[in-house]
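Below is one structure; the comments refer to it alone.
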Amino acid sequence: MSNIRCIGIATGGGDAPGLNAVIRAATRAAILKYKWKVIGIPDGFDGLIWPEKSFELTLKEVSGILPRGGTILGTTSRGNPFQYKTGENRGEVRDISDQVIANAGKLGIDAIISIGGDGSQKIGHELFLKGMKIVGVPKTIDNDLSATDVTFGFDTALHTVTDAIDKIHTTAASHHRVMVVAVMGRDCGWIALEAGIAGGAHIILMPEISFTLKRVCEQIGGRENVGRRFTIVVVAEGVKLPPELKENRRASPVGNLLGNAIATGANKEVRISVLGHIQRGGSPSPFDRILATRFGVAAVDLIAAGGFGMMVALRGESIVSVDVAHVIGHLKSVDPQGEMVRTARAIGIGFGD
Ligand code: F6P
């Protein structure tokens, strides 16, 4: 058993629905099960640069936050105490990790739950190697962490994107248009593939499958030939563009580039919807609330068991702990030959290949 009296909780990287559910669960379990004090660290590890900004998380403080999107602690996508950007135009880079560790000590924090994606887990691991007692909780709407079967936030994002595709369907059919729906996912196509299947998309373009504009236009034409005069194309932000479009990538977002190219190539009226950050917002789905709650409690139990340098994860039906050193940097891509893609192909969804 570890000798813990007080824990800190920090959320880092892009927010995801379910963060507050983890904060609530971890706080409640720490207080009710272990009688620990809990401190909320604002804006990821950046919060430990100014320890006076941290605040106590009580049962009252976390009451009512379960259904709320975002994070009551705040977050930052750029914070890294090992490469802290400061000075004029943030042009000076300093290692302030010692200061961060010392400030955690000043606050009386014995161990920290770091809730974040791959980047935050990497920072947490480096702090762990310097002696900080850290356990990780994985999060991202992109679902691209290989350590866990699923991350919370992904299911809610799927609901949001599927709902958007459903709405786009009716207007697409009425106007006989090609509708390009651009979705997030960073370098992986999970959101595009799963929301595309759930929303009945006709073409899905994603980083794991190379496509050509010619094939996309042929697939749209194939639908026209059988009287289907509208097409929904879901495109993941990380797609690898064919050479003819690559040059313009910097000039225009990927959805616009593709939409304009399809309008010319398929001679169709095209409209483009870039869903953007609405995919990260909203109230977490029941699945995400439950997974986040399980992760929060498991992280507290992991601290009690002295499992520092570890991260909680979902494997099958079980919550397990994995060594962060073995999982950072290992992203989980869609298998282009996998069952999910084969299922999509079997029902006629095109991938532009
Ligand atoms: O990782 C989550 C994510 O929403 C990605 O899907 C997207 O590429 C990125 O974050 C956007 O980051 P930001 O909010 O910093 O623009």
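Note that ligands are numbered from 1 as they come in the structure, with each ligand's atoms numbered from 1 the same way. Note that the structure is a prediction, hence the values are computed from the model and not measured.
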Sequence neighbours excluded, every pair satisfying ring-ring contact (aromatic ring centres under 6.0 Å, His included) that has a member inside residues 228-275: His169-Phe230, His202-Phe230
Exercise: identify the closest heavy-atom pair between Ile141 and Ile191: O-CD1, 3.5 Å
Over all heavy atoms of both residues, which pair between Pro138 and Val312 is shortest? Give the atoms and the distance, please. CD-O, 3.0 Å
N/O pairs closer than 3.5 Å, ligand 1 and protein:
unit_1: ligand 1; atom_1: 1 (O); unit_2: Asp142; atom_2: OD2; d: 2.6
unit_1: ligand 1; atom_1: 1 (O); unit_2: Arg186; atom_2: NH2; d: 2.9
unit_1: ligand 1; atom_1: 4 (O); unit_2: Arg280; atom_2: NH1; d: 2.8
unit_1: ligand 1; atom_1: 6 (O); unit_2: Asp142; atom_2: OD1; d: 2.7
unit_1: ligand 1; atom_1: 6 (O); unit_2: Gly185; atom_2: N; d: 3.2
unit_1: ligand 1; atom_1: 6 (O); unit_2: Glu237; atom_2: OE2; d: 3.3
unit_1: ligand 1; atom_1: 8 (O); unit_2: Glu237; atom_2: OE1; d: 3.4
unit_1: ligand 1; atom_1: 8 (O); unit_2: Glu237; atom_2: OE2; d: 2.5
unit_1: ligand 1; atom_1: 10 (O); unit_2: Arg186; atom_2: NH2; d: 3.3
unit_1: ligand 1; atom_1: 10 (O); unit_2: Arg280; atom_2: NH1; d: 3.0
unit_1: ligand 1; atom_1: 14 (O); unit_2: His277; atom_2: NE2; d: 2.8
unit_1: ligand 1; atom_1: 14 (O); unit_2: Arg280; atom_2: NH1; d: 3.0
unit_1: ligand 1; atom_1: 14 (O); unit_2: Arg280; atom_2: NH2; d: 3.0
unit_1: ligand 1; atom_1: 16 (O); unit_2: His277; atom_2: NE2; d: 3.4

Please enumerate all residues that pass side chain to side chain donor-acceptor pair (under 3.5 Å) together with Thr231, with sequence neighbours excluded. Arg223
With side-chain hydrogen bond (donor to acceptor under 3.5 Å, both in side chains) as the rule and sequence neighbours excluded, what pairs involving residues 323-345 come up? Glu339-Thr343, Arg345-Asp353
Under a 4.0 Å N-O cut-off, is there an ion pair linking Lys167 with Asp163? yes
